[in-house]
There are 2 protein chains.
Amino acid sequence: MKVGVFDSGIGGLSVVKSLLEHQLFEEIIYYGDTARVPYGVKDKNTILRYSLDALEFFKNFDIDLLIVACNTVSAYALEEMREAAPFEVVGVVEAGALACKNAMNNTQSNILILGTKATVNSKAYENLLSSYAYENVSALATSLFVPIVEEELYESEVLQSTMRHYFKDIQTPDAIILGCTHFPLISAQISAYFDDKSKLIHSGEAIVEYLESKIKFAKKFPEPKLKFFASENPDALKAVAKKWLNL
Amino acid sequence: MKVGVFDSGIGGLSVVKSLLEHQLFEEIIYYGDTARVPYGVKDKNTILRYSLDALEFFKNFDIDLLIVACNTVSAYALEEMREAAPFEVVGVVEAGALACKNAMNNTQSNILILGTKATVNSKAYENLLSSYAYENVSALATSLFVPIVEEELYESEVLQSTMRHYFKDIQTPDAIILGCTHFPLISAQISAYFDDKSKLIHSGEAIVEYLESKIKFAKKFPEPKLKFFASENPDALKAVAKKWLNL
């Protein structure tokens, strides 16, 4: 199978990392809309328009499935993309909500969603978790985590004080959904803040779990073909991909 | 006179604030490219393309002068805009560098430029200051200040720890150029960090000083016509304008 992976920027490479670890696909085509990143601060109509542009891009390739690795796009544009696409489309929000449900048996579990402003405002995760009967769900827009990851301030007082700012009124959650593809890079620090007592839900792992539950993968592909595209500065994206994915 | 003010987003309203305080213009037309903000992380070709798009927008109005309130655009696209424009174009970088020169008599003064990554990489301020014979100039990309201002974390440990991170190896400067239109909103905190010993250069005030040195303004306009446009969500921009400009 040939899969497309779409993100507004480079963050979706964390989903590609999971796909590679599980050796699910013969060919992976990644497209980051780096000229227009970030989507998380834009309004619904703009996000929709950009998402349909990306769909047109993927129509150039003979893919069987498109993974929307961007939480913001998954929250706002997934239905419209599905209607317009000649291939299957899955998003990290439905996969993440389902992974959370599978990890938490008790519908009284205390679940915290972290995301960009647009993802949090969409209430997409909450609506799905509510349909699974979870009642104890809250969401926080932790926008500063994005530039902190981009500046690689993993081990910094800046990250620590930013977590204290965002989490000051938060009880230790049973599960934390990392609702932005940048956040897995600071998952150790977020987990440690809550004394490693919370189950962290990671988009890449959630997508793999979701696909394995839906599709019968007959064989493994230890060395898939990889193609990377970007709407701006593809060399920078390829450099990050090399580093993150150990290529 | 009728003036246009262009910025990638809402930050340029701090320049409009200075124009209003000094009552220079009969009519002010503001355009923020909010659908494609921020420019500071994009590459030169994209910044150039977006800037020329904005020029086309302003051609719809009979303006006499365009102020480029965005440091990134001023650093990368000013010459190209000037060549293509049927009106005068001035940018905050040349105005800021000149204001710095006028404030600092001694060319040995220690000058610190703060900006986005794109503005700092352009070396636009450094090149101008170097042409004025200043030798003791350094620049810092303080990207995290942008979301800190957008989240209004003015009085926060997050801002304090971020300043400690960026400024840890910095000697108290004689002058600090606030090379991003967001930064005037945290100028009191930046000034206090250096015990109020540095002269801060603010783009809006620098533009006013620059224009008053070039143009003979015959009369004052205490109640100019104001028009605000945005490429996305103009109502949000108008709401911020109302708040910042006390309209």
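It should be emphasised that the depicted structure is a prediction, and the values quoted were computed from it without experimental measurement. Labels below follow one simple rule: chain letters A, B, ... track the order of the sequence lines, proteins then strands, and each chain is numbered from 1.
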Item checked: Leading residue by heavy atom contact count with chain B [cutoff under 4.5 Å; candidates N233(A), N45(A), L153(A), L159(A)] -> L153(A)
Next item on the list: Would you please classify the geometry between the F183(B) ring and the F145(B) ring as parallel, tilted or perpendicular, with 30° and 60° separating the classes?
Entry: perpendicular
Item checked: Parallel, tilted or perpendicular: rings of Y31(B) and F6(B) (30°, 60°) -> parallel
Checklist line | chain A contact via I148(B) - which portion, at a heavy-atom distance below 4.5 Å | finding: both
Next item on the list: Can you tell which part of E151(B) gets under 4.5 Å to a heavy atom of chain A, answering side chain, backbone, both or neither?
Entry: side chain
Item checked: Structural part of T162(A) lying under 4.5 Å from a heavy atom of chain B -> both
Check: Does any heavy atom of chain B fall under 4.5 Å from the side chain of Y166(A), the backbone, both, or neither of them?
Finding: side chain
Check: Can you name the nearest heavy-atom pair linking Y125(A) to V93(A), along with the distance?
Finding: CE2-O, 3.5 Å
Notebook entry, point to check: What about the rings of F229(A) and F58(A), do their centers lie closer together than 6.0 Å?
Noted result: no
Checklist line | Criterion side-chain contact (heavy atoms from CB on, under 4.5 Å) against F228(B), the qualifying member of L245(B), V240(B), V5(B), I28(B) | finding: L245(B)
